[in-house]
Amino acid sequence: MDNFLTTNGLDKGTLENLIESAINFKNSRWSIERPIGGRSVALVFFNPSLRTRASMQIGIHELGGNSVVLEPGSTSWTLEHRESVVMDGDKTEHIKEFVQVLERYVSAIGVRTFAALKNWEEERMDPILNAFAKYASVPVINLESAMHHPLQAMADIMTIRENLGKSKKKVLLTWAWHPKPLPMAVPNSFALAAAQFGHDVRIAHPRGFELDEELLNEIELQAEMNGGSVEYSNNINESFDGADVVYAKSWGSKHFYGDRNGDIRERSAYRDKWIVDEPKMAKTKNAVFMHCLPVRRNVIVTDAVIDSPNSIVLDQAENRLHIQKAILTELFK
Ligand code: CP
């Protein structure tokens, strides 16, 4: 593995080994092994974070390494990623120098760069993350980009396995109402990873909130190759029937990229309907409830569901630490 930008392109064996390694890290949290001893990792955050930042810094420390956090536009210079531009605007430094300077100090670079939700055709190509990967000669790790959050997805798969075992499950990924449009990185990466691990995936959302078509083709291909399936629903109530896993997440409509108020108007019809609550969970096969966090209580999910014994959201958050240690160790091999 040269970089860790998405699970797409990684074979099942590699993904399985990462989960096994993460479980080993979890079971031997305080072992004195220091597989990345003495190395440093830069963590570049264009956007806020609790889980990713804390778990990466702590994981790197526990592996014997050191982390440095940089926040372009705040604690470090504003960054330009486009090529051949005249930098006479508000960007002070080009990613090319930023990366090439950093890698004189560090052995890997993690990057968080959310979708700005302004230009769908541009952002679906992950231009900032890919600029880092283009200029870096050290491994680049995706800490959540416009299109993918693979660290979260791998922690989610590990959490399903821990709680429900290795066999394939009926996994519902359901859109939920949220007051504003959010990026698609989490649903994209979760659906992709669930398909790569051979689960039966059902993706539910209101009409107009479809995920990226090219990615859905890949998800369908992965499901077919790995013994799973993919189906779609626009019916929030029926979609819960028989599910083993309910994964809730809100995302924006690609038809309203650049039109925040249009998206807000479009989604307003779904308030209080597209929420995970007890009546819907009662239709499942005693499903576990999952969300990547942060979550808006009583908007995405009711208190009764997220506080129930079936909620495994804290396991998901904890497993970020263990899977990231496994991925860092693999990248440093
Ligand atoms: N789930 C997740 O990535 O959390 P943070 O945004 O807090 O890092």
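Remember, it's a predicted structure, so these values are computed and weren't measured experimentally. One-based numbering, in listed order, for ligands and for the atoms of each.
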Heavy-atom pair with the smallest gap, counting every atom of Leu143 and His149
O-CE1, 3.6 Å

Answer side chain, backbone, both or neither: which part of Leu293 comes under 4.0 Å from ligand 1, heavy atoms only.
backbone

Could you go through Asn319 and Lys26, starting from their C-alpha distance and side-chain angles, then the distance that decides it, and tell me whether this counts as side chain to side chain donor-acceptor pair (under 3.5 Å)?
CA-CA 8 Å; Asn319 286 337; Lys26 187 167 186 173; 2.8 Å; yes

Report, in ascending order of atom number, the atoms of ligand 1 lying under 4.0 Å from any heavy atom of Cys292.
1 (N)

Which of these, Arg320, Lys325, Glu318, sits in a side-chain hydrogen bond (donor to acceptor under 3.5 Å, both in side chains) with His322?
Glu318

I'd like to check which ligand 1 atoms, numbered from 1 as shown, lie under 4.0 Å from a non-hydrogen atom of Arg320.
1 (N), 2 (C), 3 (O)

The protein heavy atom nearest to atom 7 (O) of ligand 1 is Leu50 N, 2.7 Å

Would you call the rings of Trp274 and Tyr270 parallel, tilted or perpendicular if under 30° counts as parallel and over 60° as perpendicular?
perpendicular

What residue and atom, counting heavy atoms only, is the protein's closest point to atom 4 (O) of ligand 1, and at what distance?
Arg51 NE, 2.9 Å

What is the closest protein heavy atom to atom 6 (O) of ligand 1, and at what distance does it sit?
Arg112 NH1, 2.8 Å

What residue and atom, counting heavy atoms only, is the protein's closest point to atom 3 (O) of ligand 1, and at what distance?
His149 NE2, 2.8 Å

Check whether any side-chain heavy atom of Ile264 lies under 4.5 Å from a side-chain heavy atom of His178, and answer yes or no.
no

Evaluate the side-chain proximity of Thr6 to Asn142: yes if any heavy-atom separation is below 4.5 Å, no if none is.
no

